[in-house]
Number of protein chains: 2
Amino acid sequence: MTDAALHIHPTGHDHAACVGEALEIAETLCVERGARLTPLRRRVLELVWSSHRPVGAYDILGRLDESARKPAPPTVYRALDFLIEHGLVHRIESMNAYLGCNHPEQSHTGQFLICRECGNVTEMDDDDVRQTLRRKAAERGFDARSQTVELVGLCANCKAG
Amino acid sequence: MTDAALHIHPTGHDHAACVGEALEIAETLCVERGARLTPLRRRVLELVWSSHRPVGAYDILGRLDESARKPAPPTVYRALDFLIEHGLVHRIESMNAYLGCNHPEQSHTGQFLICRECGNVTEMDDDDVRQTLRRKAAERGFDARSQTVELVGLCANCKAG
DNA sequence: TATGGCCTGATACAGTGTATCATACTACAT
DNA sequence: ATGTAGTATGATACACTGTATCAGGCCATA
Ligand SMILES: [Zn+2]
Ligand SMILES: [Zn+2]
Ligand SMILES: [Zn+2]
Ligand SMILES: [Zn+2]
């Protein structure tokens, strides 16, 4: 499902830089927090960042496979759990897949724009949206603690093309 | 189910009335649209409405089982697809489960308030929220066609104790 | 060295969803 | 009534996603 479109990225950008920056931020963050970004976790994070499309746990598993040893599913899920806990990765609920976060400094649950054409996902993380949802829920007596917001549609590039 | 009833705790309300009303609306709607609410689809809808908690496809499958024959998974998924297409049922993405809609007259994707304590889910269907999300996405060049909004927290009753 | 906590390996299984082919039913036209 | 096309369901097998559990390994500290 993924491989064909894995190479499609937002226009004119150096994706190696995205990955490099993400890994660097992750290193820094984990040092600050005394968390251990082990080689396995780092490798999984790298694979999640292989594109701007959400990646399935079993895709990651398959690609870890290429590197000599053959890990089992729990290995990947544990690494993902760690990365999610530290805000380095988001889970896209409507796709059962995982996406790297580009501003993990403060833990958050973002809002996601999923292009149905190219499959790329961008994160909004808009505080107005968050507050609006909190308020609207509160008006109904509901105390919202976490939010899942995922919009499917057409990204700017796919609209143009 | 009336608007007022939406905001009371599902224990201590006449749930049979919820189910009855939902089925009646479904019948009417399907007649209007020339869609066929077959016995199987009607039964699945009834099972989805067995509570105000989202129901898994395999839960439904298990309860259909009680009634003599033993359907296979595709049977349930096809029925759910039909019901979702006609707005009679929503899928709760973050739970891989399904919830009856109490105002299916106009097709829509609602916003859901999921109580982590009692598991009940209520639907907001707030147009401000919908418009805010559309606008915020549009500001980023994204044309949103469908929205998934699911908030987890505490409902009014579970807050009270 | 010993101990305890955390990370990973490994097996098995549970839960969710789909592809595919076959059969049965319905509606409609002949 | 008969045939035909379209829809609905039955049935098998499989793919995808996630977890429970136990065992072994690594590392820091006492
Ligand atoms: Zn990139
Ligand atoms: Zn796109
Ligand atoms: Zn009810
Ligand atoms: Zn509650």
Side-chain angles (χ1 to χ4, degrees), chain A residues 1-3 26-27 30-31 33-48 53-86 88-99 119 148 150, chain B residues 26 30-31 33-48 53-86 88-99 119 148 150:
Chain A
M1 167 148 65
T2 55
D3 287 16
E27 299 269 16
C30 286
V31 168
R33 296 177 185 171
R36 297 169 56 189
L37 188 64
T38 64
L40 173 66
R41 289 167 174 172
R42 190 191 153 92
R43 177 80 180 117
V44 170
L45 180 58
E46 198 181 349
L47 288 172
V48 168
R53 295 168 49 106
V55 181
Y58 278 72
D59 284 347
I60 294 169
L61 194 57
R63 294 196 229 172
L64 280 175
D65 187 43
E66 295 170 358
S67 61
R69 285 177 304 195
K70 302 192 175 186
T75 299
V76 169
Y77 282 103
R78 285 188 289 227
L80 286 171
D81 286 345
F82 171 89
L83 296 170
I84 290 170
E85 245 176 80
H86 287 279
L88 299 165
V89 163
H90 292 294
R91 176 182 161 83
I92 307 300
E93 298 291 345
S94 61
M95 302 179 70
N96 296 330
Y98 306 84
L99 182 72
T148 297
E150 299 172 8
Chain B
C30 286
V31 168
R33 295 177 185 170
R36 297 169 57 190
L37 188 64
T38 64
L40 174 66
R41 289 165 174 173
R42 191 193 151 92
R43 176 83 181 116
V44 169
L45 180 57
E46 198 181 348
L47 289 171
V48 168
R53 285 185 287 275
V55 182
Y58 279 73
D59 283 347
I60 293 168
L61 193 57
R63 295 196 230 172
L64 281 175
D65 186 34
E66 297 169 359
S67 61
R69 282 177 309 194
K70 173 156 190 171
T75 299
V76 169
Y77 282 104
R78 286 187 291 226
L80 287 171
D81 287 347
F82 171 89
L83 296 170
I84 289 170
E85 246 177 76
H86 288 279
L88 299 166
V89 163
H90 292 293
R91 175 182 160 85
I92 307 299
E93 299 290 348
S94 61
M95 300 179 70
N96 296 330
Y98 306 84
L99 182 72
T148 296
E150 300 173 7

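Just so it is clear: chains get the letters A, B, ... in the order the sequence lines come, proteins before strands, and each one is counted from 1. Source: prediction; values computed, not measured.
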Gap between atoms CG and C1', on L61(A) and dT19(D) respectively (whole Å): 14 Å
Is R43(A) reaching over with its side chain to a backbone N or O of L64(A), donor-acceptor style, under 3.5 angstrom? no
Mind checking R36(A) for me? I need base, sugar-phosphate or nothing, with any heavy atom below 4.0 Å counting as a touch. sugar-phosphate
Where each residue is assigned the nucleotide of DNA chain D containing its nearest heavy atom, which of R41(B) and P73(B) is assigned the position nearer the 5′ end? R41(B)
Stacking of Y58(A) on dC16(D) base (centres under 5.5 Å, planes under 30°): no
Ignoring backbone atoms, test whether Y77(B) places a side-chain nitrogen or oxygen under 4.0 Å from the OP1 or OP2 oxygen of dG10(D). no
According to a strict under-4.0 Å criterion, is T75(B) in side-chain N/O contact with OP1 or OP2 of dT9(D)? no
Distance, nearest 0.5 Å, that separates CD1 of I60(B) from CG of L45(B): 9.5 Å
Remember a base hit wins even if backbone is also touched, and classify F82(A) as base, sugar-phosphate or nothing at under 4.0 Å, heavy atoms. nothing
Which is more 5' along DNA chain C, the nucleotide nearest P74(B) or the one nearest P39(A)? Just name the residue. P39(A)
Separation between CG of D59(B) and CG of L47(B), rounded to the nearest 0.5 Å: 10.0 Å
Under 4.0 Å: is that the gap between some side-chain N or O of T38(B) and OP1 or OP2 of dT9(D)? yes
Looking only at the side chains, is there a donor atom on one of T148(B) and E93(B) sitting less than 3.5 Å from an acceptor on the other? no
When rounded to whole Å, the CD to P distance for the pair E93(B) and dT17(D) reads 14 Å
Tell me, please, the opening and closing nucleotides of DNA chain C, 5' to 3', among those with an atom under 4.0 angstrom from a non-hydrogen atom of chain A. dC6(C) to dT11(C)
Looking at CG of L83(A) and OH of Y98(A), how far apart are the two atoms once the value is rounded to the nearest 0.5 Å? 11.0 Å
Please give, in whole Å, the distance from dA11(D) P to L64(B) CG? 13 Å
Rounded to the Å, how far apart are N96(B) CG and dG18(D) P? 8 Å
Just to be sure I understand the rule, does R78(B) reach a base, reach only the sugar-phosphate, or reach nothing, if contact means heavy atoms closer than 4.0 Å? base
